[in-house]
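All heavy atoms count here, side chains included; hydrogens, waters and symmetry mates do not. Atoms within each ligand, like the ligands themselves, are counted from 1 in listed order.
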Amino acid sequence: MNAPLSLTGQAVAPGIGLGPAFLLTRERRPVERVEIGGDQVDREHARLAEAIALARADLERQRDRASRRLGEMVARIFETHLMFLDDEPAFDKVRELVRDQLVDVRFALYTVLEEYAGRFEQQEDSYFQERAQDVRDVCRRLLAQLDGERDTVLAGVPDSPCVLLASELTPSDILHLPQEKIIAVAADTGGATSHTAILTRILGVPSVVGLRRVTSAAKPGEIVVVNGNSGKVVLRPDEHELATYRSKQTEYLEFVESLKDIRDVPAETLDGRRIRLHGNIEMPGEARTLLANGGDGVGLFRTEYLVLTHSRLPNEEEQYRTYREVVEALAGLPATIRTFDLGGDKAFPGAGIPPEDNPFMGWRAIRVALDRPQMIMPQLRAILRAGAHGPVQVMFPMISDLGEWRAAKQMIARAAEELEREGVPHEADIPAGMMVEVPSAALLADRFAIEVDFFSIGTNDLVQFTLAVDRANEQVAELHQPFHPAVLRLIRMTAEAGATHGVPVSICGEIAGQPLATLLLIGLGLGELSTSPSLVPELKKLVLSSSFTEAAELAGEALAMETAGEVREFVSDAMKQRFSNLPIWFGERGETGT
Ligand code: PEP
Ligand code: MG
(Lines give C-alpha, C1' and ligand atoms only; values in the text may rest on other atoms or scores of the structure.)
(Ligands and ions follow the chains in the order given, each with its own letter.)
Protein backbone atom coordinates (compact mmCIF):
# COMPACT_ATOMS: atom_id res chain seq x y z
CA MET A 1 0.00 0.00 0.00
CA ASN A 2 1.20 3.52 -0.77
CA ALA A 3 2.11 5.91 2.01
CA PRO A 4 -0.49 8.23 3.52
CA LEU A 5 -0.87 11.56 1.76
CA SER A 6 -2.26 14.82 3.11
CA LEU A 7 -3.62 17.47 0.80
CA THR A 8 -5.00 20.88 1.70
CA GLY A 9 -7.71 22.68 -0.24
CA GLN A 10 -10.54 25.03 0.40
CA ALA A 11 -13.06 23.86 2.99
CA VAL A 12 -16.49 24.69 1.62
CA ALA A 13 -18.88 22.65 3.77
CA PRO A 14 -18.19 21.68 7.39
CA GLY A 15 -17.97 18.25 9.02
CA ILE A 16 -15.70 15.21 8.81
CA GLY A 17 -16.30 12.43 6.31
CA LEU A 18 -14.35 9.19 6.24
CA GLY A 19 -14.81 6.17 3.99
CA PRO A 20 -13.82 4.34 0.81
CA ALA A 21 -13.09 6.49 -2.21
CA PHE A 22 -15.40 6.50 -5.18
CA LEU A 23 -13.66 8.14 -8.11
CA LEU A 24 -16.04 9.87 -10.39
CA THR A 25 -14.63 9.24 -13.80
CA ARG A 26 -16.28 10.06 -17.00
CA GLU A 27 -15.15 7.14 -19.05
CA ARG A 28 -17.16 6.55 -22.09
CA ARG A 29 -16.48 5.23 -25.52
CA PRO A 30 -13.40 7.15 -26.71
CA VAL A 31 -14.19 9.81 -29.24
CA GLU A 32 -12.37 8.83 -32.40
CA ARG A 33 -12.40 10.24 -35.87
CA VAL A 34 -14.82 8.08 -37.84
CA GLU A 35 -15.02 8.76 -41.56
CA ILE A 36 -18.43 8.65 -43.19
CA GLY A 37 -19.65 8.57 -46.76
CA GLY A 38 -21.24 11.60 -48.40
CA ASP A 39 -24.61 9.85 -48.34
CA GLN A 40 -24.48 9.61 -44.52
CA VAL A 41 -24.29 13.36 -43.84
CA ASP A 42 -28.06 13.81 -43.52
CA ARG A 43 -28.29 10.85 -41.17
CA GLU A 44 -25.57 12.31 -38.93
CA HIS A 45 -27.30 15.70 -38.93
CA ALA A 46 -30.55 14.01 -37.92
CA ARG A 47 -28.75 12.18 -35.08
CA LEU A 48 -27.49 15.51 -33.79
CA ALA A 49 -30.98 17.01 -33.84
CA GLU A 50 -32.35 14.02 -31.96
CA ALA A 51 -29.57 14.10 -29.36
CA ILE A 52 -30.19 17.81 -28.73
CA ALA A 53 -33.93 17.22 -28.33
CA LEU A 54 -33.39 14.32 -25.91
CA ALA A 55 -30.78 16.22 -23.90
CA ARG A 56 -33.15 19.17 -23.70
CA ALA A 57 -35.97 16.99 -22.37
CA ASP A 58 -33.58 15.45 -19.84
CA LEU A 59 -32.33 18.83 -18.68
CA GLU A 60 -35.84 20.16 -18.29
CA ARG A 61 -36.71 17.17 -16.11
CA GLN A 62 -33.62 17.78 -13.98
CA ARG A 63 -34.39 21.45 -13.71
CA ASP A 64 -37.86 20.67 -12.37
CA ARG A 65 -36.42 18.19 -9.91
CA ALA A 66 -33.84 20.72 -8.71
CA SER A 67 -36.53 23.31 -8.37
CA ARG A 68 -38.51 21.05 -6.04
CA ARG A 69 -35.46 20.03 -4.00
CA LEU A 70 -33.37 23.16 -3.84
CA GLY A 71 -35.40 26.14 -4.98
CA GLU A 72 -35.96 28.07 -8.15
CA MET A 73 -32.59 29.66 -8.35
CA VAL A 74 -30.51 26.50 -8.25
CA ALA A 75 -32.76 25.15 -10.93
CA ARG A 76 -31.69 28.03 -13.10
CA ILE A 77 -28.17 26.66 -13.29
CA PHE A 78 -29.74 24.13 -15.64
CA GLU A 79 -30.97 27.03 -17.72
CA THR A 80 -27.35 27.82 -18.52
CA HIS A 81 -26.99 24.33 -19.95
CA LEU A 82 -30.28 24.62 -21.77
CA MET A 83 -29.01 27.86 -23.25
CA PHE A 84 -25.95 26.10 -24.64
CA LEU A 85 -28.30 23.76 -26.44
CA ASP A 86 -29.75 26.82 -28.16
CA ASP A 87 -26.33 27.95 -29.36
CA GLU A 88 -27.07 27.53 -33.06
CA PRO A 89 -23.71 28.91 -34.31
CA ALA A 90 -21.90 26.19 -32.34
CA PHE A 91 -24.10 23.44 -33.74
CA ASP A 92 -23.81 24.94 -37.24
CA LYS A 93 -20.07 24.41 -36.87
CA VAL A 94 -20.67 20.79 -35.89
CA ARG A 95 -22.88 20.26 -38.94
CA GLU A 96 -20.30 21.96 -41.14
CA LEU A 97 -17.55 19.70 -39.87
CA VAL A 98 -19.65 16.63 -40.58
CA ARG A 99 -20.45 17.85 -44.08
CA ASP A 100 -17.07 19.27 -45.09
CA GLN A 101 -14.76 16.72 -43.54
CA LEU A 102 -17.09 13.73 -43.73
CA VAL A 103 -16.69 12.71 -40.08
CA ASP A 104 -19.34 11.30 -37.78
CA VAL A 105 -21.32 13.58 -35.51
CA ARG A 106 -19.72 12.26 -32.30
CA PHE A 107 -16.30 13.36 -33.43
CA ALA A 108 -17.55 16.67 -34.83
CA LEU A 109 -19.44 17.52 -31.66
CA TYR A 110 -16.54 16.67 -29.40
CA THR A 111 -14.08 18.64 -31.54
CA VAL A 112 -16.19 21.79 -31.63
CA LEU A 113 -17.24 21.82 -27.98
CA GLU A 114 -13.77 20.94 -26.72
CA GLU A 115 -12.45 23.91 -28.64
CA TYR A 116 -15.07 26.12 -26.95
CA ALA A 117 -14.19 24.74 -23.53
CA GLY A 118 -10.49 25.19 -24.23
CA ARG A 119 -11.03 28.82 -25.11
CA PHE A 120 -12.89 29.42 -21.84
CA GLU A 121 -10.18 27.63 -19.92
CA GLN A 122 -7.43 29.84 -21.28
CA GLN A 123 -9.01 32.98 -19.85
CA GLU A 124 -7.46 34.32 -16.68
CA ASP A 125 -10.83 34.93 -15.11
CA SER A 126 -11.99 32.05 -12.91
CA TYR A 127 -15.55 32.68 -14.03
CA PHE A 128 -14.69 31.69 -17.59
CA GLN A 129 -12.67 28.73 -16.42
CA GLU A 130 -15.72 27.47 -14.60
CA ARG A 131 -17.84 27.93 -17.74
CA ALA A 132 -15.53 25.39 -19.43
CA GLN A 133 -17.03 22.85 -17.01
CA ASP A 134 -20.51 23.75 -18.20
CA VAL A 135 -19.59 23.27 -21.85
CA ARG A 136 -18.03 19.88 -21.12
CA ASP A 137 -21.09 18.88 -19.13
CA VAL A 138 -23.31 19.66 -22.10
CA CYS A 139 -20.95 17.81 -24.46
CA ARG A 140 -21.06 14.75 -22.22
CA ARG A 141 -24.82 14.79 -22.19
CA LEU A 142 -25.01 14.94 -25.96
CA LEU A 143 -22.46 12.14 -26.40
CA ALA A 144 -24.45 10.03 -23.94
CA GLN A 145 -27.58 10.60 -25.99
CA LEU A 146 -25.74 9.75 -29.22
CA ASP A 147 -24.53 6.53 -27.61
CA GLY A 148 -28.07 5.69 -26.62
CA GLU A 149 -27.39 6.04 -22.89
CA ARG A 150 -28.94 8.31 -20.40
CA ASP A 151 -26.42 10.48 -18.60
CA THR A 152 -24.78 7.66 -16.71
CA VAL A 153 -22.05 9.64 -15.03
CA LEU A 154 -23.15 8.59 -11.58
CA ALA A 155 -24.37 5.12 -12.42
CA GLY A 156 -21.27 3.64 -10.83
CA VAL A 157 -21.81 5.04 -7.33
CA PRO A 158 -21.47 2.03 -5.01
CA ASP A 159 -24.36 0.86 -2.86
CA SER A 160 -22.51 1.44 0.38
CA PRO A 161 -21.47 4.85 1.72
CA CYS A 162 -18.47 6.41 -0.01
CA VAL A 163 -16.39 9.53 -0.34
CA LEU A 164 -16.81 11.09 -3.75
CA LEU A 165 -13.59 12.22 -5.42
CA ALA A 166 -13.86 14.12 -8.66
CA SER A 167 -11.66 16.27 -10.78
CA GLU A 168 -14.59 18.57 -11.28
CA LEU A 169 -18.23 18.41 -10.28
CA THR A 170 -21.00 19.77 -12.39
CA PRO A 171 -24.35 20.97 -11.09
CA SER A 172 -26.03 17.92 -12.55
CA ASP A 173 -23.60 15.54 -10.82
CA ILE A 174 -24.37 17.14 -7.51
CA LEU A 175 -28.09 17.06 -7.98
CA HIS A 176 -27.95 13.39 -8.98
CA LEU A 177 -25.82 12.23 -6.10
CA PRO A 178 -27.69 9.75 -3.95
CA GLN A 179 -27.20 11.99 -0.95
CA GLU A 180 -27.62 9.22 1.61
CA LYS A 181 -24.60 7.38 0.18
CA ILE A 182 -22.17 10.24 -0.19
CA ILE A 183 -20.28 10.85 3.02
CA ALA A 184 -18.13 13.69 1.73
CA VAL A 185 -16.86 15.32 -1.43
CA ALA A 186 -13.33 16.25 -2.47
CA ALA A 187 -12.58 17.88 -5.80
CA ASP A 188 -9.43 18.82 -7.70
CA THR A 189 -10.90 22.04 -9.05
CA GLY A 190 -13.25 24.71 -7.79
CA GLY A 191 -13.00 27.90 -5.81
CA ALA A 192 -15.27 29.58 -3.32
CA THR A 193 -17.38 31.11 -6.08
CA SER A 194 -17.78 27.99 -8.20
CA HIS A 195 -21.14 26.34 -8.65
CA THR A 196 -19.61 23.24 -7.07
CA ALA A 197 -18.78 25.03 -3.85
CA ILE A 198 -22.12 26.77 -3.67
CA LEU A 199 -24.12 23.63 -4.28
CA THR A 200 -22.19 21.32 -1.97
CA ARG A 201 -22.61 23.88 0.77
CA ILE A 202 -26.35 23.78 0.27
CA LEU A 203 -26.41 19.98 0.32
CA GLY A 204 -24.54 19.97 3.61
CA VAL A 205 -22.00 17.21 2.86
CA PRO A 206 -18.48 17.87 4.24
CA SER A 207 -16.56 19.16 1.23
CA VAL A 208 -13.16 20.38 0.22
CA VAL A 209 -12.45 21.77 -3.24
CA GLY A 210 -9.39 23.04 -5.07
CA LEU A 211 -7.19 20.07 -4.05
CA ARG A 212 -5.52 19.97 -7.48
CA ARG A 213 -4.48 16.30 -7.48
CA VAL A 214 -6.80 14.32 -5.26
CA THR A 215 -8.14 12.18 -8.12
CA SER A 216 -4.74 11.39 -9.55
CA ALA A 217 -3.32 10.48 -6.15
CA ALA A 218 -6.20 8.26 -4.95
CA LYS A 219 -7.27 4.77 -5.95
CA PRO A 220 -10.85 3.51 -5.87
CA GLY A 221 -11.82 1.91 -2.59
CA GLU A 222 -8.96 3.40 -0.57
CA ILE A 223 -9.90 5.06 2.67
CA VAL A 224 -10.10 8.84 2.48
CA VAL A 225 -10.70 11.39 5.19
CA VAL A 226 -12.27 14.72 4.26
CA ASN A 227 -12.14 17.38 6.92
CA GLY A 228 -14.57 20.07 5.77
CA ASN A 229 -13.69 22.15 8.82
CA SER A 230 -9.97 22.52 8.19
CA GLY A 231 -9.77 21.88 4.44
CA LYS A 232 -7.51 18.87 4.92
CA VAL A 233 -7.93 15.62 2.99
CA VAL A 234 -5.94 12.50 3.93
CA LEU A 235 -5.54 9.61 1.51
CA ARG A 236 -4.63 6.18 2.89
CA PRO A 237 -4.37 7.33 6.52
CA ASP A 238 -2.31 4.98 8.70
CA GLU A 239 -3.93 3.08 11.59
CA HIS A 240 -3.10 5.77 14.07
CA GLU A 241 -4.44 8.63 11.92
CA LEU A 242 -7.52 6.62 11.12
CA ALA A 243 -8.25 6.00 14.76
CA THR A 244 -7.76 9.69 15.53
CA TYR A 245 -10.12 10.77 12.74
CA ARG A 246 -12.70 8.13 13.66
CA SER A 247 -12.90 9.39 17.17
CA LYS A 248 -12.91 13.01 15.96
CA GLN A 249 -15.72 12.17 13.60
CA THR A 250 -17.79 10.39 16.24
CA GLU A 251 -17.26 13.24 18.60
CA TYR A 252 -18.19 15.77 15.91
CA LEU A 253 -21.31 13.88 14.88
CA GLU A 254 -22.47 13.58 18.46
CA PHE A 255 -21.79 17.24 18.87
CA VAL A 256 -23.78 18.17 15.75
CA GLU A 257 -26.62 15.95 16.94
CA SER A 258 -26.58 17.65 20.32
CA LEU A 259 -26.80 21.04 18.60
CA LYS A 260 -30.29 20.15 17.43
CA ASP A 261 -31.46 20.65 21.01
CA ILE A 262 -30.51 24.32 20.87
CA ARG A 263 -32.03 25.02 17.47
CA ASP A 264 -34.92 26.99 18.86
CA VAL A 265 -33.05 28.48 21.80
CA PRO A 266 -32.20 32.17 21.33
CA ALA A 267 -28.45 32.78 21.09
CA GLU A 268 -27.77 34.54 24.35
CA THR A 269 -24.56 34.68 26.37
CA LEU A 270 -24.47 33.29 29.90
CA ASP A 271 -24.80 36.85 31.19
CA GLY A 272 -27.80 37.67 29.04
CA ARG A 273 -26.49 39.44 25.92
CA ARG A 274 -28.53 38.46 22.86
CA ILE A 275 -26.45 37.84 19.74
CA ARG A 276 -28.30 37.53 16.44
CA LEU A 277 -26.95 34.74 14.26
CA HIS A 278 -27.69 35.48 10.65
CA GLY A 279 -26.96 33.69 7.40
CA ASN A 280 -25.01 34.74 4.33
CA ILE A 281 -26.76 33.29 1.31
CA GLU A 282 -26.10 33.24 -2.40
CA MET A 283 -29.32 31.60 -3.45
CA PRO A 284 -32.82 31.40 -2.03
CA GLY A 285 -32.80 27.67 -1.18
CA GLU A 286 -30.25 28.46 1.53
CA ALA A 287 -32.84 30.46 3.48
CA ARG A 288 -34.53 27.14 4.28
CA THR A 289 -31.24 25.65 5.51
CA LEU A 290 -30.75 28.70 7.66
CA LEU A 291 -34.14 28.27 9.25
CA ALA A 292 -33.56 24.55 9.81
CA ASN A 293 -30.31 25.49 11.57
CA GLY A 294 -31.96 27.94 13.92
CA GLY A 295 -30.74 31.19 12.36
CA ASP A 296 -32.29 34.54 13.18
CA GLY A 297 -32.55 35.88 9.63
CA VAL A 298 -30.52 36.55 6.51
CA GLY A 299 -27.74 39.04 7.19
CA LEU A 300 -26.39 39.11 3.65
CA PHE A 301 -28.01 37.98 0.44
CA ARG A 302 -25.28 38.32 -2.20
CA THR A 303 -27.61 39.10 -5.08
CA GLU A 304 -24.83 39.37 -7.65
CA TYR A 305 -24.92 35.56 -7.87
CA LEU A 306 -28.24 35.96 -9.64
CA VAL A 307 -26.18 37.10 -12.60
CA LEU A 308 -24.38 33.75 -12.62
CA THR A 309 -27.54 31.71 -12.78
CA HIS A 310 -29.15 33.94 -15.40
CA SER A 311 -25.97 34.69 -17.38
CA ARG A 312 -27.17 38.31 -17.38
CA LEU A 313 -28.70 40.81 -14.99
CA PRO A 314 -32.11 39.48 -14.01
CA ASN A 315 -35.03 41.82 -14.65
CA GLU A 316 -37.27 43.33 -11.97
CA GLU A 317 -39.86 40.58 -12.12
CA GLU A 318 -37.27 37.79 -11.85
CA GLN A 319 -35.63 39.53 -8.93
CA TYR A 320 -38.94 40.18 -7.22
CA ARG A 321 -39.83 36.48 -7.40
CA THR A 322 -36.44 35.49 -5.99
CA TYR A 323 -36.52 37.97 -3.11
CA ARG A 324 -40.07 37.01 -2.34
CA GLU A 325 -39.03 33.34 -2.23
CA VAL A 326 -36.45 34.23 0.43
CA VAL A 327 -38.83 36.44 2.41
CA GLU A 328 -41.52 33.76 2.43
CA ALA A 329 -39.06 31.02 3.38
CA LEU A 330 -37.95 33.10 6.36
CA ALA A 331 -41.50 33.24 7.73
CA GLY A 332 -41.23 36.57 9.51
CA LEU A 333 -37.47 36.70 10.14
CA PRO A 334 -35.63 39.59 8.47
CA ALA A 335 -33.96 39.31 5.05
CA THR A 336 -31.09 41.69 4.35
CA ILE A 337 -30.75 42.05 0.61
CA ARG A 338 -27.54 43.61 -0.62
CA THR A 339 -27.67 45.45 -3.93
CA PHE A 340 -25.43 44.06 -6.67
CA ASP A 341 -21.79 43.98 -5.59
CA LEU A 342 -20.46 43.57 -9.09
CA GLY A 343 -16.86 44.23 -10.11
CA GLY A 344 -13.73 43.15 -8.24
CA ASP A 345 -13.61 39.37 -8.47
CA LYS A 346 -17.30 39.38 -9.35
CA ALA A 347 -17.11 41.00 -12.77
CA PHE A 348 -19.32 38.29 -14.20
CA PRO A 349 -19.82 38.44 -17.94
CA GLY A 350 -23.36 39.40 -18.67
CA ALA A 351 -23.19 42.14 -16.05
CA GLY A 352 -21.50 44.63 -18.35
CA ILE A 353 -18.43 45.35 -16.20
CA PRO A 354 -15.32 45.76 -18.34
CA PRO A 355 -12.00 44.23 -17.22
CA GLU A 356 -9.84 46.61 -15.19
CA ASP A 357 -6.23 46.64 -14.03
CA ASN A 358 -7.15 47.10 -10.42
CA PRO A 359 -10.69 45.84 -10.20
CA PHE A 360 -11.12 45.75 -6.41
CA MET A 361 -10.52 49.47 -6.29
CA GLY A 362 -12.20 50.16 -9.57
CA TRP A 363 -15.69 50.47 -10.94
CA ARG A 364 -17.44 48.32 -8.38
CA ALA A 365 -20.58 47.87 -6.33
CA ILE A 366 -22.24 51.17 -5.35
CA ARG A 367 -20.11 53.05 -7.90
CA VAL A 368 -21.61 51.06 -10.73
CA ALA A 369 -25.09 51.44 -9.24
CA LEU A 370 -24.85 55.22 -9.03
CA ASP A 371 -23.44 55.55 -12.55
CA ARG A 372 -26.00 53.18 -14.02
CA PRO A 373 -29.36 53.89 -12.38
CA GLN A 374 -31.03 51.66 -14.98
CA MET A 375 -29.21 48.76 -13.35
CA ILE A 376 -30.13 49.41 -9.76
CA MET A 377 -33.64 50.86 -10.06
CA PRO A 378 -35.23 47.52 -11.05
CA GLN A 379 -33.41 45.93 -8.12
CA LEU A 380 -34.60 48.52 -5.62
CA ARG A 381 -38.15 48.24 -6.95
CA ALA A 382 -37.99 44.43 -6.64
CA ILE A 383 -36.69 44.70 -3.06
CA LEU A 384 -39.44 47.15 -2.04
CA ARG A 385 -42.05 44.90 -3.64
CA ALA A 386 -40.70 41.87 -1.75
CA GLY A 387 -40.97 44.02 1.38
CA ALA A 388 -44.75 43.75 1.08
CA HIS A 389 -44.43 40.03 1.97
CA GLY A 390 -42.35 40.24 5.14
CA PRO A 391 -39.47 42.07 6.84
CA VAL A 392 -36.83 43.15 4.34
CA GLN A 393 -33.79 45.41 4.68
CA VAL A 394 -31.74 46.85 1.85
CA MET A 395 -27.97 47.15 2.10
CA PHE A 396 -25.47 48.98 -0.12
CA PRO A 397 -21.94 47.62 -0.69
CA MET A 398 -18.64 49.57 -0.78
CA ILE A 399 -19.92 52.87 0.58
CA SER A 400 -16.92 55.12 1.18
CA ASP A 401 -18.47 58.58 1.36
CA LEU A 402 -21.62 60.14 2.82
CA GLY A 403 -22.48 61.60 -0.57
CA GLU A 404 -22.73 58.07 -2.00
CA TRP A 405 -24.93 56.99 0.85
CA ARG A 406 -27.29 59.93 0.36
CA ALA A 407 -27.52 59.32 -3.38
CA ALA A 408 -28.32 55.66 -2.72
CA LYS A 409 -31.06 56.66 -0.25
CA GLN A 410 -32.56 59.00 -2.82
CA MET A 411 -32.79 56.14 -5.25
CA ILE A 412 -34.81 54.12 -2.76
CA ALA A 413 -37.17 57.09 -2.37
CA ARG A 414 -37.48 57.34 -6.14
CA ALA A 415 -38.23 53.65 -6.51
CA ALA A 416 -40.91 53.92 -3.81
CA GLU A 417 -42.48 56.94 -5.52
CA GLU A 418 -42.61 55.15 -8.85
CA LEU A 419 -44.25 52.08 -7.34
CA GLU A 420 -46.73 54.27 -5.49
CA ARG A 421 -47.62 56.13 -8.66
CA GLU A 422 -48.07 52.87 -10.56
CA GLY A 423 -50.17 51.38 -7.78
CA VAL A 424 -47.79 48.41 -7.38
CA PRO A 425 -47.96 46.82 -3.89
CA HIS A 426 -44.74 47.44 -1.95
CA GLU A 427 -43.31 48.49 1.42
CA ALA A 428 -41.76 51.96 1.12
CA ASP A 429 -40.42 52.13 4.64
CA ILE A 430 -37.82 49.39 4.82
CA PRO A 431 -34.63 49.76 6.89
CA ALA A 432 -31.64 50.82 4.77
CA GLY A 433 -28.08 50.11 5.79
CA MET A 434 -24.57 49.90 4.47
CA MET A 435 -21.58 47.61 4.38
CA VAL A 436 -18.60 48.94 6.30
CA GLU A 437 -15.83 47.52 4.14
CA VAL A 438 -13.76 50.56 3.18
CA PRO A 439 -11.66 52.11 5.97
CA SER A 440 -13.17 55.56 5.33
CA ALA A 441 -16.60 54.19 6.25
CA ALA A 442 -15.31 52.85 9.56
CA LEU A 443 -13.42 56.07 10.30
CA LEU A 444 -16.60 58.08 9.67
CA ALA A 445 -18.93 55.55 11.31
CA ASP A 446 -20.07 58.14 13.86
CA ARG A 447 -21.30 60.36 11.00
CA PHE A 448 -22.85 57.56 9.00
CA ALA A 449 -24.58 56.28 12.14
CA ILE A 450 -26.78 59.39 12.21
CA GLU A 451 -28.24 58.47 8.84
CA VAL A 452 -28.20 54.69 8.45
CA ASP A 453 -30.53 52.09 9.94
CA PHE A 454 -27.79 49.45 10.32
CA PHE A 455 -24.16 48.64 9.61
CA SER A 456 -22.69 45.38 8.40
CA ILE A 457 -18.93 45.05 8.53
CA GLY A 458 -17.43 43.25 5.55
CA THR A 459 -14.02 42.17 6.75
CA ASN A 460 -13.12 40.40 3.50
CA ASP A 461 -12.83 43.79 1.87
CA LEU A 462 -12.09 45.86 4.97
CA VAL A 463 -8.93 43.81 5.63
CA GLN A 464 -7.97 44.07 1.96
CA PHE A 465 -8.16 47.86 1.98
CA THR A 466 -6.79 48.44 5.49
CA LEU A 467 -3.75 46.24 5.04
CA ALA A 468 -3.34 46.76 1.27
CA VAL A 469 -3.62 43.03 0.60
CA ASP A 470 -5.41 41.78 -2.49
CA ARG A 471 -7.94 39.28 -1.12
CA ALA A 472 -7.77 37.17 -4.28
CA ASN A 473 -3.98 36.96 -4.61
CA GLU A 474 -2.66 33.65 -3.22
CA GLN A 475 0.83 35.11 -3.10
CA VAL A 476 -0.14 37.47 -0.29
CA ALA A 477 -2.92 35.36 1.26
CA GLU A 478 -1.06 35.08 4.55
CA LEU A 479 -1.06 38.83 4.93
CA HIS A 480 -4.86 39.01 4.76
CA GLN A 481 -5.29 39.06 8.52
CA PRO A 482 -8.61 39.93 10.10
CA PHE A 483 -6.91 39.68 13.49
CA HIS A 484 -4.66 42.64 12.71
CA PRO A 485 -4.95 45.25 15.49
CA ALA A 486 -5.65 47.97 12.90
CA VAL A 487 -8.65 46.01 11.67
CA LEU A 488 -9.83 45.37 15.21
CA ARG A 489 -9.73 49.10 15.88
CA LEU A 490 -11.90 49.83 12.85
CA ILE A 491 -14.38 47.16 13.91
CA ARG A 492 -14.42 48.61 17.40
CA MET A 493 -14.97 52.16 16.11
CA THR A 494 -17.92 51.01 14.05
CA ALA A 495 -19.42 49.05 16.94
CA GLU A 496 -19.07 52.05 19.25
CA ALA A 497 -20.64 54.43 16.74
CA GLY A 498 -23.52 51.99 16.37
CA ALA A 499 -23.99 51.68 20.13
CA THR A 500 -23.98 55.47 20.59
CA HIS A 501 -26.65 56.01 17.96
CA GLY A 502 -28.72 52.88 18.54
CA VAL A 503 -27.72 51.43 15.16
CA PRO A 504 -27.38 47.61 15.03
CA VAL A 505 -23.94 46.46 13.89
CA SER A 506 -23.44 43.12 12.18
CA ILE A 507 -20.34 41.46 10.75
CA CYS A 508 -20.66 39.39 7.58
CA GLY A 509 -17.09 38.80 6.38
CA GLU A 510 -15.67 35.26 6.50
CA ILE A 511 -14.28 35.84 9.97
CA ALA A 512 -17.84 35.88 11.36
CA GLY A 513 -18.04 32.14 10.62
CA GLN A 514 -14.76 31.24 12.29
CA PRO A 515 -15.40 29.84 15.76
CA LEU A 516 -11.91 31.04 16.62
CA ALA A 517 -13.15 34.63 16.40
CA THR A 518 -16.58 34.37 18.07
CA LEU A 519 -15.63 35.57 21.52
CA LEU A 520 -13.45 38.36 20.15
CA LEU A 521 -16.19 39.68 17.85
CA ILE A 522 -18.83 39.63 20.57
CA GLY A 523 -16.36 41.34 22.88
CA LEU A 524 -15.72 44.07 20.32
CA GLY A 525 -19.41 44.91 20.66
CA LEU A 526 -20.97 43.26 17.63
CA GLY A 527 -24.56 42.16 18.17
CA GLU A 528 -24.95 40.16 14.98
CA LEU A 529 -22.75 37.58 13.27
CA SER A 530 -23.66 36.63 9.72
CA THR A 531 -22.16 33.54 8.16
CA SER A 532 -22.79 30.42 6.07
CA PRO A 533 -26.08 28.86 7.35
CA SER A 534 -24.38 25.53 8.04
CA LEU A 535 -22.12 27.18 10.63
CA VAL A 536 -24.92 28.74 12.68
CA PRO A 537 -25.44 25.81 15.12
CA GLU A 538 -21.74 25.77 16.14
CA LEU A 539 -21.69 29.50 16.66
CA LYS A 540 -24.86 29.33 18.72
CA LYS A 541 -23.29 26.74 20.98
CA LEU A 542 -20.31 29.05 21.49
CA VAL A 543 -22.50 32.05 22.26
CA LEU A 544 -24.54 30.04 24.76
CA SER A 545 -21.32 28.91 26.45
CA SER A 546 -19.72 32.38 26.65
CA SER A 547 -20.07 35.36 28.90
CA PHE A 548 -20.07 38.83 27.45
CA THR A 549 -17.95 40.15 30.31
CA GLU A 550 -15.30 37.57 29.51
CA ALA A 551 -15.56 38.37 25.79
CA ALA A 552 -15.15 42.10 26.43
CA GLU A 553 -12.05 41.43 28.53
CA LEU A 554 -10.55 39.29 25.78
CA ALA A 555 -11.30 41.96 23.16
CA GLY A 556 -9.79 44.65 25.39
CA GLU A 557 -6.56 42.70 25.70
CA ALA A 558 -6.47 41.95 21.97
CA LEU A 559 -6.96 45.62 21.10
CA ALA A 560 -3.89 46.51 23.15
CA MET A 561 -1.67 44.13 21.15
CA GLU A 562 0.73 45.18 18.44
CA THR A 563 0.72 42.54 15.73
CA ALA A 564 -1.77 40.26 14.01
CA GLY A 565 0.33 37.24 14.99
CA GLU A 566 0.15 38.16 18.65
CA VAL A 567 -3.61 38.59 18.56
CA ARG A 568 -4.13 35.31 16.76
CA GLU A 569 -2.00 33.35 19.13
CA PHE A 570 -3.61 34.94 22.15
CA VAL A 571 -7.16 34.37 20.88
CA SER A 572 -6.38 30.86 19.74
CA ASP A 573 -4.93 29.88 23.13
CA ALA A 574 -7.87 31.45 24.94
CA MET A 575 -10.45 29.65 22.80
CA LYS A 576 -8.73 26.26 22.98
CA GLN A 577 -8.50 26.55 26.74
CA ARG A 578 -11.94 27.97 27.31
CA PHE A 579 -13.77 25.50 25.04
CA SER A 580 -11.60 22.40 25.27
CA ASN A 581 -14.80 20.44 25.96
CA LEU A 582 -16.24 21.23 22.49
CA PRO A 583 -15.07 19.44 19.30
CA ILE A 584 -14.94 22.69 17.39
CA TRP A 585 -12.21 23.59 14.94
CA PHE A 586 -10.40 26.61 16.37
CA GLY A 587 -8.02 27.10 13.46
CA GLU A 588 -8.80 29.21 10.45
CA ARG A 589 -10.74 27.41 7.77
CA GLY A 590 -8.46 26.31 4.96
CA GLU A 591 -5.40 26.45 7.19
CA THR A 592 -3.30 23.31 7.45
CA GLY A 593 -4.38 21.25 10.44
CA THR A 594 -6.14 18.03 11.24
C1 PEP B 1 -16.92 41.37 2.73
O2 PEP B 1 -16.29 42.10 1.98
O3 PEP B 1 -16.51 41.02 3.86
C4 PEP B 1 -18.24 40.83 2.34
C5 PEP B 1 -18.99 40.16 3.17
O6 PEP B 1 -18.61 41.03 1.05
P7 PEP B 1 -18.07 40.15 -0.18
O8 PEP B 1 -17.28 39.01 0.37
O9 PEP B 1 -19.29 39.71 -0.91
O10 PEP B 1 -17.24 41.16 -0.90
MG1 MG C 1 -17.24 42.96 0.28
Salt bridge check, Asp341 against Arg364: does any charged N sit closer than 4.0 Å to a carboxylate O?
yes

Salt bridge flag under 4.0 Å for residues Arg385 and Glu427:
no

At a 4.0 Å threshold, what atoms of ligand 1 neighbour a non-hydrogen atom of Asp461?
1 (C), 2 (O), 3 (O), 10 (O)

Ligand 1 atoms in contact with Gly458 (distance to a heavy atom under 4.0 Å):
1 (C), 2 (O), 3 (O)

Polar side chain donor-acceptor pair, Ser545 to Lys541, under 3.5 angstrom:
no

Could you say whether the N/O atoms of Glu510 and ligand 1 ever approach to under 3.5 Å?
no

Record the part of Asp341 in heavy-atom contact with ligand 1 below 4.0 Å; permitted values are side chain, backbone, both and neither.
side chain

Could you name the option among Glu437, Arg471, Met435 that has the heavy atom nearest to atom 10 (O) of ligand 1?
Arg471

Just checking Arg489: does its CZ atom have more than 12 heavy atoms from other residues, nucleotides or ligands closer to it than 6.0 angstrom?
no

At a 4.0 Å threshold, what atoms of ligand 1 neighbour a non-hydrogen atom of Cys508?
5 (C)

Among Glu304, Arg338, Gln464, which one puts a heavy atom closest to atom 6 (O) of ligand 1?
Arg338

Which atoms from ligand 1 have a heavy atom of Arg302 less than 4.0 Å away?
4 (C), 5 (C), 6 (O), 7 (P), 8 (O), 9 (O)

Have a look at Asp461 and say which of its N, O or S atoms is nearest the Mg ion (ligand 2).
OD2

Closest approach of Phe548 to Gly523 (non-hydrogen atoms, all atoms of both residues)
CE1-CA, 4.3 Å

Nearest to the Mg ion (ligand 2), which N, O or S atom of Glu437 do we find?
OE1

Assign the ring pair His389 / Tyr320 to parallel, tilted or perpendicular, where the plane angle (0 to 90°) is split at 30° and 60°.
tilted

Are there over 12 heavy-atom neighbours, none belonging to Met361, within less than 6.0 Å of that residue's CE?
no

